[in-house]
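Working notes, beginning with the structure itself.
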There are 2 protein chains.
Amino acid sequence: MASNAVMEETLQILKDHKLRVTPQRHIILAYLVSHHNHPTVEIIRDALGKELPNMGASTIYNTLNTFVDHHLVVELQNGDGSTHYDYFGTPHYHAICTNCGRIVDVTYPGFSDTEKGLEKKTAEISGYMISGNHMEVYGLCPECQIKLGIKNNE
Amino acid sequence: MASNAVMEETLQILKDHKLRVTPQRHIILAYLVSHHNHPTVEIIRDALGKELPNMGASTIYNTLNTFVDHHLVVELQNGDGSTHYDYFGTPHYHAICTNCGRIVDVTYPGFSDTEKGLEKKTAEISGYMISGNHMEVYGLCPECQIKLGIKNNE
DNA sequence: TTAATAGATGAGAACCATTCCAATGTAATG
DNA sequence: CATTACATTGGAATGGTTCTCATCTATTAA
């Protein structure tokens with residue numbers, strides 16, 4: 001599933017973050033790095049069930065929470081009731097379909113400036129010491145626009 | 001608690017959105033419009049307990065979900081496990097403390113342009129038909145910076 | 001004003017994603 | 001290899017939110 005290159009890369013990521021390397025952490029991180037779906041705990045469990053059949057749900061939750069704490073991964077809600085996770089290797093944000101929950105990664109040249117500008121302004125106004133941000137944009141994905149028979153000129 | 005002016009205003013808001021006017025909806029919306037805390041269902045229940053002692057939790061959830069559907073209110077998570085609600089009368093975003101969960105509203109001249117720019121770019125790149133966005137900035141609030149003994153030059 | 005009805009409310013049960021717990025297992029250190 | 005601090009497991013517990021359905025009511029039409 002995950003290539004050797006990914007396995008080496010993720011091993012290094014864990015070491016860089018001083019996280020104890022366990023098979024569970026390694027395989028979960030490799031899955032997140034090599035997949036661009038935005039999986040839930042259940043999806044990860046199903047996907048990795050063959051390789052680590054006895055992996056407990058608690059372990060997946062613990063592992064993901066650890067990754068979130070280390071800013072390797074971000075949490076996303078798309079309205080289906082469970083949390084989705086996304087490896088955050090390169091800066092981007094998310095467009096989320098309000099009809100089907102589909103999540104896509106988005107970025108563009110200059111996004112980084114937008115982000116930094118928002119953080120700088122926020123620090124000035126609020127006095128917060130900023131450590132990060134989340135931006136999300138909501139709308140209907142192309143498939144749902146067709147499915148719902150909606151025109152662009154509404 | 002809520003002034004007559006707020007009661008008139010909220011009554012009009014409900015009518016404008018073609019929402020059936022009930023005492024529960026009216027008082028909950030008035031509470032949200034006149035308070036700038038970002039309450040949970042529990043906080044709302046406690047605050048309005050004197051005026052409507054028998055108001056069920058389901059009613060508050062139903063009411064808030066209805067308001068969210070009508071884009072009157074937005075949902076916020078600050079990591080304490082429950083959902084916070086915010087009346088969204090004027091465009092703004094939120095700074096959320098990663099230590100204590102404190103949420104503050106933020107806006108600045110030009111924020112609207114930032115927002116529109118992000119939505120336009122997203123539509124172009126993703127093909128989504130955009131209906132809204134959420135921006136959040138994370139960091140330590142001034143109180144927690146002091147509490148944790150953190151200097152600004154870290 | 002009254003009657004009809006679509007929709008809202010309320011109390012509690014049910015749901016289910018997530019966390020907690022205690023016992024066991026294991027990666028890292030020297 | 002021994003030590004130890006940390007991770008994993010599976011199941012129980014938690015708790016915020018939704019669901020159910022009987023009751024009630026705001027709204028509309030007659």
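Note on naming: letters A, B, ... go to the chains in the order of the sequence lines (proteins, then strands), and numbering restarts at 1 for each one. What you see is a predicted model, and the numbers here were worked out from it, not measured in a lab.
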Without swapping roles, check the side chain of B/H35 against the backbone of B/V33 for a donor-acceptor pair under 3.5 Å.
no

Under 30°, 30 to 60°, or over 60°: which ring-plane class applies to A/Y138 and B/H134, parallel, tilted or perpendicular?
perpendicular

By the 4.0 Å heavy-atom rule, please label A/N65 as base, sugar-phosphate, or nothing.
sugar-phosphate

Figure out the CG/P separation between A/N54 and D/dT8, and round it to whole Å.
14 Å

Taking D/dT9, C/dT26, D/dT27 as options, the one with an atom nearest any side-chain atom of A/R20 is C/dT26

Please check if any side-chain donor atom of B/D86 sits under 3.5 Å from a side-chain acceptor atom of B/H36, or the reverse.
no

Toward the 5' end of DNA chain D, by each residue's nearest nucleotide, B/V21 or B/S82:
B/S82

For A/N37 and A/Y31, does a side-chain donor sit closer than 3.5 Å to a side-chain acceptor?
yes

Rounded interatomic separation in angstrom, taking CG from A/N62 and P from C/dA22
15 Å

Toward the 5' end of DNA chain D, which comes first, B/G81 or A/R25, by nearest nucleotide?
A/R25

Looking at C/dG10, I'd like to know if its phosphate oxygens (OP1 or OP2) sit under 4.0 Å from a side-chain N or O belonging to B/Q24.
yes

Report yes or no: do A/D16 and A/Q12 form a side-chain donor-acceptor pair below 3.5 Å?
yes

Using five pairs at either end of the helix from C/dT1-D/dA30 to C/dG30-D/dC1, determine the angle between the two local helix axes and round it to 10 degrees.
50°

Across the strands shown, which category fits A/T22 at heavy-atom distances under 4.0 angstrom: base, sugar-phosphate, nothing?
sugar-phosphate

Nearest-angstrom distance from the residue atom CD of B/E42 to P of D/dT17
10 Å

Round to a whole Å and report the spacing from NZ of B/K15 to P of D/dT28.
10 Å

Please determine, by modelled atom types, if A/Y108 and B/T122 share a side-chain donor-acceptor pair under 3.5 angstrom.
no

Gap between atoms CG and C1', on B/L64 and C/dA8 respectively (whole Å)
14 Å

A/E75 has an atom CD; how far is it from atom C1' of C/dT19, in whole Å?
13 Å

Report yes if at least one side-chain N or O of B/Y61 is closer than 4.0 Å to OP1 or OP2 of D/dT18; otherwise report no.
no

B/T40 near the nucleic acid: base, sugar-phosphate alone, or nothing, with a heavy-atom cut-off under 4.0 Å?
nothing

Considering only C/dA11, D/dT18, C/dT19, which nucleotide approaches the side chain of B/S58 most closely?
C/dA11

How many whole angstroms separate atom NE2 of B/H26 from atom C1' of C/dT9?
18 Å

Just compare D/dA26, D/dT17, C/dG10 and give me whichever is closest to any side-chain atom of B/T59.
C/dG10

First encountered from the 5' end of DNA chain C, between B/R45 and A/A57
B/R45

B/V106 and B/H94: side chain to side chain contact (heavy atoms under 4.5 Å, CB included), yes or no, with the steps?
CA-CA 6 Å; B/V106 186; B/H94 299 97; over 6 Å; no

May I have the distance from B/D80 (atom CG) to C/dT19 (atom C1'), rounded to whole angstrom?
15 Å

Do A/L64 and A/L32 pass the side chain to side chain contact (heavy atoms under 4.5 Å, CB included) test, and can you show the C-alpha distance, the side-chain angles, and the key distance before you say yes or no?
CA-CA 10 Å; A/L64 291 170; A/L32 290 170; 3.7 Å; yes

